[in-house]
Amino acid sequence: VMAKRRDSKYLSRTRSPDWLKLRLGLAQEFVIGGYKLSDKRGRPFSSLLLGVFEGDEFVYRGKVGTGYSEAVMYDLAAKLKKLHRKTSPFDRMSNAAARKAVWVAPELVAEIDYSELTEGGHIRHGSFIGLREDKQPTEVTMEKAGSPPPALGNELHGVRLTNADRILYREQGVTKADLVRYYDTIAKRMLPLMERHPLSLVRCPKGTGEKCFFQKHASDGFPEALKEVPIRESSGGKEDYLYVDGVAGLIAGVQMGTLEFHIWGSRIDKLEKPDRVVFDLDPDEELDFEVVKLASMVVRDRLEKLGLETLPLVTGGKGIHVVAPLRRSADWARIKSFTKGVAVTMAEEHPDVFTATMSKSRRHGKIFLDWLRNERGSTAIAPYSTRAKKGAPVAMPVSWKELRELEAANSFGIDEAVSRLARPDPWAAYDDIRQSITKKMQDAVA
């Protein structure tokens, strides 16, 4: 990139101190998997052997031999010595690259400057910057250059947008445009989990600092991208409910000031047969998140014994949802009976931890195991939905392994959610889980 002093003139001569040629480089983290010993005195190693994780594999990405001061090199060598192992940690590596290598456990994360990658995907002109003690090795994957945020005009995906620069989360400075871009990007993960489910919305047209309200029925003024479906209610009458069947519906929701999407447990094409159950662990304000995490694993283990595989979602508030995907075979009556039975049984077995009663007075120092999310017409926060809460958090699907390390249920914002798209989907198995609430399960908790 060529740069010129703002106040200098354009000159005909080829060289001028007012013009600079700037080299652009790349940088990212790599995990150290080994090193090559140095033939030179005073150097404990000649280069580091680096890799990244691709799924379950640790893949070699090249070596780096510059960027170290003598003090840094000896300090790093002492750390590496404690991690020595006999075999290569890399799943993919050429014999030439492995020759005369000293292997270490892939536990140290290094930040590396480099100019580019070779055709084989290896670092070119790399330079060591330092260790990253704030990042776990398994989080390190090959980064990809992102596209610049789309410029928002008057329309996106057929939805007319207004007041795109309105700030919806004041403390974070998150605007309507930021939320539109977020949902446009996250839709690939979010839509399969929530599209064509009837919705309830939390709308905050002027942002979280102003009036917010819960809306479950369609009304005039909504963009056409937010679809409507008539649903018979318990009163016998029919009301129009909202649903989305594509990214345009999410953007239309944001245009109408929606900060939270809540979904039914069934889809509109088979409304009376739920496709999931949700146990919402709603803790007393005084409880530490460590207690909630452990409690969620107790619920997971109980459901596993009954024959149900589950996935965890941190809600963006204080709680955790334990979600079991279902085949659409059981009706609402069976689902409600089963989930109530599980909640009551667990409250009886762990009376110091759980209550199955909504009453605030019964919840002091305990976790309300909310089974009422599984009634016809009840909703739960949609995975990847933002929350109308301080900090602009997101309801985030995680793995059971990852949950152990989290410090709070509101650990993720929109930037963190988008960055996770480059990592394996913790709920990738969601659609492959084929299970039903059977009579045997129901009888076991009756």
In terms of side-chain geometry, is the basic nitrogen of Arg328 or Asp269 positioned less than 4.0 Å from the acidic oxygen of its partner? yes

Salt bridge (charged side-chain N to carboxylate O under 4.0 Å, His left out): which pairs involve residues 386-404, sequence neighbours left out? Glu260-Arg387, Glu402-Arg420

Counting only heavy atoms not in His84, do more than 12 sit closer than 6.0 Å to its NE2 atom? yes

According to side chain to side chain donor-acceptor pair (under 3.5 Å), who are the partners of Arg300, at least two apart in sequence or on a separate chain? none

Might you point out which heavy atoms bring Gly316 and Asn410 nearest each other, and give the distance in Å? O-CB, 3.3 Å

I'd like to know whether Thr386 forms a side-chain hydrogen bond (donor to acceptor under 3.5 Å, both in side chains) with Tyr183, so could you lay out the CA-CA distance, the side-chain angles of the two residues, the decisive distance to 0.1 Å, and finally the verdict. CA-CA 9 Å; Thr386 52; Tyr183 281 109; 2.9 Å; yes

Lys36 atom NZ, over 12 foreign heavy atoms within 6.0 Å: yes

Cut-off 3.5 Å, side chains only: do Thr141 and Glu54 have a donor facing an acceptor? no

Does atom CZ of Arg85 have more than 12 heavy-atom neighbours from other groups under 6.0 Å away? yes

I'd like to know if Arg181 pairs up with Asp184 as an ion pair, taking the criterion as any Lys NZ or Arg NE/NH1/NH2 lying under 4.0 Å from an Asp or Glu carboxylate oxygen. no

Residues Lys79, Asp75: salt bridge by 4.0 Å N-O rule: yes

Testing the basics here: between Val247 and Ala187, what is the closest heavy-atom pair and its distance to 0.1 Å? CG2-CB, 3.8 Å

Checking Tyr35, Tyr74, Phe45 against Tyr68 for ring-ring contact (aromatic ring centres under 6.0 Å, His included), the one that qualifies is Phe45

In terms of relative ring orientation, are Trp427 and Tyr430 parallel, tilted or perpendicular, with 30° and 60° separating the classes? parallel

For Glu70, does the CD atom sit with more than 12 other heavy atoms under 6.0 Å from it, leaving out its own atoms? no

